[in-house]
Amino acid sequence: GHETHKNVASVEQVWDTALDAEVDRSAIVIGVGGGVVGDLTGFAASTLLRGVALGQIPTTLLAMVDSSVGGKTGFNRPRGKNLVGTFYQPKFVLCDVDTLSTLPGEERIAGLAEAVKSAWLDSEESVAMLERDAEALTAGDADATIRAVRMSIVLKSRIVHEDETESGRRMLLNLGHTVGHGLEAANEYRGIRHGEGVALGMIAAMRVAARLGRGRSEETERLTGLLGRLGLPTDLDERLSSRALEFIGSDKKRRGNRIHFVIPRLPGETEIELVALDELRAALE
Ligand SMILES: NC(=O)c1ccc[n+]([C@@H]2O[C@H](COP(=O)([O-])OP(=O)(O)OC[C@H]3O[C@@H](n4cnc5c(N)ncnc54)[C@H](O)[C@@H]3O)[C@@H](O)[C@H]2O)c1
Ligand SMILES: [Zn+2]
């Protein structure tokens with residue numbers, strides 16, 4: 001399960017293995033792995049015999065807190081990531097944090113960025129919980145990890161229930177992702193993990209909020225402090241190359257020269273706004 005395997009050939013393997021076993025429409029496809037495996041098996045299940053049941057058993061922290069829930073499936077094309085896919089909900093998601101014991105530390109830390117995102121979207125209590133649990137989370141403590149996973153799943157499933165196909169509120173889940181994707185793309189998706197990009201992207205979003213007169217520096221400091229304590233990168237200015245700025249806004253969420261941008265304010269008070277790309281880049285330069 002590696003990003004380079006997230007292609008149609010891997011989907012064909014799932015299809016053909018199932019078809020060779022002569023499964024019928026009562027079959028269930030279960031994805032055991034990280035987000036790559038989850039997205040591929042989800043797509044395969046949604047198309048096999050026009051759709052068979054799907055179950056997800058995520059084994060990375062990112063997949064537990066984010067990708068296994070919400071029903072987005074798909075794979076990459078030469079033109080870009082996740083360009084072909086479906087919305088298809090799993091029948092169950094089973095998270096066992098014991099599986100994380102073999103996950104490299106950096107992968108686990110990267111997954112924590114999405115938990116911070118969830119907490120900031122959710123509430124003051126959730127942010128305060130991660131602040132209390134920060135040391136335990138970096139050490140891989142099971143109870144703290146379960147609390148973070150549960151909070152993230154509850155938050156995500158609530159938002160997805162309101163807007164399954166991302167026409168409105170589901171866009172909130174893109175907090176930190178506009179700039180994060182720009183950083184990932186500028187590094188050819190190799191130099192920086194997704195979660196690291198999201199951490200820096202959330203700091204960038206705070207900066208944009210400040211420029212628009214929405215945010216306060218206390219919130220930026222609080223978020224930066226939490227990300228830093230969790231072992232995530234916070235050195236936005238060192239990473240923001242002009243190349244990254246070019247990539248920002250070249251994505252799916254663009255509307256002419258404006259973009260739907262997620263503006264964080266206090267925990268639980270995040271908003272989506274159309275922001276001019278010029279203004280966005282000016283806030284970051
Ligand atoms: N569907 C969605 O809503 C959604 C949301 C966010 C991300 N994603 C997708 O998720 C993918 C990233 O997922 P990821 O961060 O889980 O990466 P990943 O699936 O590539 O897994 C990271 C690495 O960890 C290995 N691994 C998995 N579980 C392990 C374990 N328990 N012990 C040791 N190694 C293990 C994998 O083989 C892989 O090498 C991206 O393709 C992204 O597009 C999807
Ligand atoms: Zn993400």
Side-chain angles (χ1 to χ4, degrees), residues 1-8 10-11 31-46 54 56-77 80-90 93-121 140 142 145 149 152-153 155-157 159-160 163-166 170-185 189-190 192-202 205 227 232 251-253 262:
H2 187 267
E3 199 63 40
T4 51
H5 298 135
K6 197 174 170 182
N7 54 37
V8 71
S10 300
V11 176
V32 184
V36 167
V37 168
D39 283 10
L40 286 169
T41 49
F43 182 83
S46 73
L54 168 67
Q56 293 285 11
I57 304 184
T59 64
T60 66
L61 188 57
L62 181 127
M64 290 184 190
V65 300
D66 192 356
S67 64
S68 63
V69 176
K72 281 192 191 177
T73 85
F75 54 89
N76 303 333
R77 296 297 301 160
K81 283 185 60 169
N82 302 324
L83 291 180
V84 180
T86 53
F87 287 104
Y88 198 68
Q89 297 296 341
V93 177
L94 193 155
C95 298
D96 180 348
V97 299
D98 284 351
T99 62
L100 302 177
S101 62
T102 51
L103 192 67
E106 314 85 69
E107 290 288 342
R108 207 163 39 75
I109 299 292
L112 288 173
E114 302 279 5
V116 173
K117 178 195 78 176
S118 306
W120 212 277
L121 292 175
T145 306
V149 167
S152 301
I153 290 180
L155 177 275
K156 184 164 182 182
S157 55
I159 291 180
V160 171
D163 172 24
E164 196 167 325
T165 56
E166 198 167 315
R170 189 167 180 166
M171 278 190 260
L172 287 172
L173 296 168
N174 294 328
L175 172 59
H177 281 62
T178 301
V179 173
H181 283 151
L183 292 167
E184 283 183 89
Y189 296 95
R190 281 192 290 265
I192 181 167
R193 286 187 179 75
H194 176 72
E196 295 167 348
V198 171
L200 295 163
M202 285 191 283
L227 293 169
L232 286 155
D251 67 6
K252 288 180 269 192
K253 287 162 290 272
V262 188

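Along the sequence shown, the residues carry numbers beginning at 1. Any value given below was found using the heavy atoms of this structure, including those in side chains, with hydrogens, waters and symmetry copies removed. Note that ligands are numbered from 1 as they come in the structure, with each ligand's atoms numbered from 1 the same way.
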K.L.:
Could you pull out the closest heavy-atom pair between T73 and S46, with the gap in Å?
P.N.:
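Looking at all heavy atoms of both residues, the shortest contact is OG1-OG, 4.4 Å.
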
K.L.:
Please check if the side chain of D39 supplies one atom and the backbone of G42 the other of a donor-acceptor pair under 3.5 Å.
P.N.:
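Side chain of D39 to backbone of G42: no pair is present.
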
K.L.:
Could you tell me whether V36 and ligand 1 have an N or O pair separated by under 3.5 Å?
P.N.:
yes

K.L.:
Which is it for N82 and ligand 1 at heavy atoms under 4.0 Å: side chain, backbone, both or neither?
P.N.:
side chain

K.L.:
What orientation do H181 and H194 show, parallel under 30°, tilted 30 to 60°, or perpendicular over 60°?
P.N.:
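The rings of H181 and H194 sit tilted, inter-plane angle from 30° to 60°.
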
K.L.:
Can you find a non-hydrogen atom of D66 under 4.0 Å from ligand 1?
P.N.:
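Yes, D66 has heavy atoms under 4.0 Å from ligand 1.
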
K.L.:
Could you identify the single nearest non-hydrogen protein atom to atom 9 (C) of ligand 1 and state the distance to 0.1 Å?
P.N.:
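For this ligand atom, the closest protein heavy atom is D39 OD2, 3.4 Å.
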
K.L.:
What atoms in ligand 1 come closer than 4.0 Å to a heavy atom of L62?
P.N.:
7 (C), 10 (O), 12 (C), 13 (O), 14 (P), 15 (O)

K.L.:
Heavy-atom contacts with T60 under 4.0 Å: which atoms of ligand 1 show up? List them by number with element.
P.N.:
14 (P), 16 (O), 21 (O), 27 (C), 28 (N)

K.L.:
Do any nitrogen or oxygen atoms of T59 come within less than 3.5 Å of a nitrogen or oxygen of ligand 1?
P.N.:
yes

K.L.:
The Zn ion (ligand 2) to D66: any N/O/S contact under 2.8 Å?
P.N.:
no

K.L.:
Looking at atom 24 (O) of ligand 1, what's its closest protein heavy atom, distance included?
P.N.:
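Result: L103 CD1, 3.9 Å.
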
K.L.:
Evaluate V32 against T99 for side chain to side chain contact (heavy atoms under 4.5 Å, CB included), listing each step before the verdict.
P.N.:
CA-CA 10 Å; V32 184; T99 62; over 6 Å; no

K.L.:
State, to 0.1 Å, how close L155 and S118 come at their nearest heavy-atom pair, and which atoms those are.
P.N.:
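Shortest heavy-atom contact: CG-O, 3.7 Å.
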
K.L.:
For ligand 1, which atoms, with element, lie under 4.0 Å from some heavy atom of E3?
P.N.:
40 (C), 41 (O)

K.L.:
Please find the pair of heavy atoms, one from K117 and one from L173, that lie closest to each other, and give the distance.
P.N.:
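So the minimum-distance heavy-atom pair works out to NZ-O, 2.8 Å.
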
K.L.:
Among all the protein's heavy atoms, is there at least one whose distance to atom 6 (C) of ligand 1 comes out below 4.0 Å?
P.N.:
yes

K.L.:
Looking at K156, which atoms of ligand 1 are within less than 4.0 Å of one of its heavy atoms?
P.N.:
3 (O)

K.L.:
For atom 4 (C) of ligand 1, what is the nearest protein heavy atom, given as residue, atom name and distance?
P.N.:
S67 CB, 3.2 Å

K.L.:
If the cut-off is 4.0 Å to any non-hydrogen atom of G35, which atoms of ligand 1 fall inside it?
P.N.:
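Those atoms are 10 (O), 11 (C), 13 (O), 14 (P), 16 (O), 19 (O).
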
K.L.:
Can you name the atoms of ligand 1, numbered from 1 with element, that are less than 4.0 Å from a heavy atom of K6?
P.N.:
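Once the distances to K6 are compared, the set is 9 (C), 40 (C), 41 (O), 42 (C), 43 (O).
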
K.L.:
Out of all atoms in ligand 1, which are within 4.0 Å of some heavy atom of T102? Include the element for each.
P.N.:
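So the answer, numbered in order with elements, is 30 (C), 31 (N), 32 (N), 33 (C).
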
K.L.:
Please give me the minimum heavy-atom distance between H2 and V36, naming the atom from each residue.
P.N.:
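The answer is O-CG1, 3.6 Å.
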
K.L.:
Test side chain to side chain contact (heavy atoms under 4.5 Å, CB included) on L103 and T59 and set out the steps.
P.N.:
CA-CA 8 Å; L103 192 67; T59 64; over 6 Å; no

K.L.:
State the atom name: nearest N, O or S atom of E114 to the Zn ion (ligand 2).
P.N.:
OE2

K.L.:
So is there a nitrogen or oxygen of G33 less than 3.5 Å from a nitrogen or oxygen in ligand 1?
P.N.:
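N/O-N/O distance below 3.5 Å does not exist for this pair.
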
K.L.:
Closest heavy-atom contact between N7 and L40?
P.N.:
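Nearest pair, atom of N7 first, then L40: O-CD2, 3.7 Å.
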
K.L.:
Provide, to 0.1 Å, the distance between atom 22 (C) of ligand 1 and the closest protein heavy atom, together with that atom's residue and name.
P.N.:
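Minimum-distance protein heavy atom for atom 22 (C) of ligand 1 reads E107 OE1, 3.8 Å.
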
K.L.:
Distance to 0.1 Å, residue and atom name: give those for the protein heavy atom nearest to atom 38 (C) of ligand 1.
P.N.:
G1 O, 3.0 Å

K.L.:
Would N82 and K72 count as a side chain to side chain contact (heavy atoms under 4.5 Å, CB included) here? Give the steps.
P.N.:
CA-CA 9 Å; N82 302 324; K72 281 192 191 177; over 6 Å; no

K.L.:
Could you walk me through whether L62 and S67 satisfy the side chain to side chain contact (heavy atoms under 4.5 Å, CB included) test, starting with their C-alpha distance in whole Å, then the side-chain angles of each, then the deciding distance to 0.1 Å, before giving a yes or no?
P.N.:
CA-CA 7 Å; L62 181 127; S67 64; 4.1 Å; yes

K.L.:
Would you name the heavy atoms of C95 and I153 that are closest together and state the gap between them?
P.N.:
SG-CD1, 3.9 Å

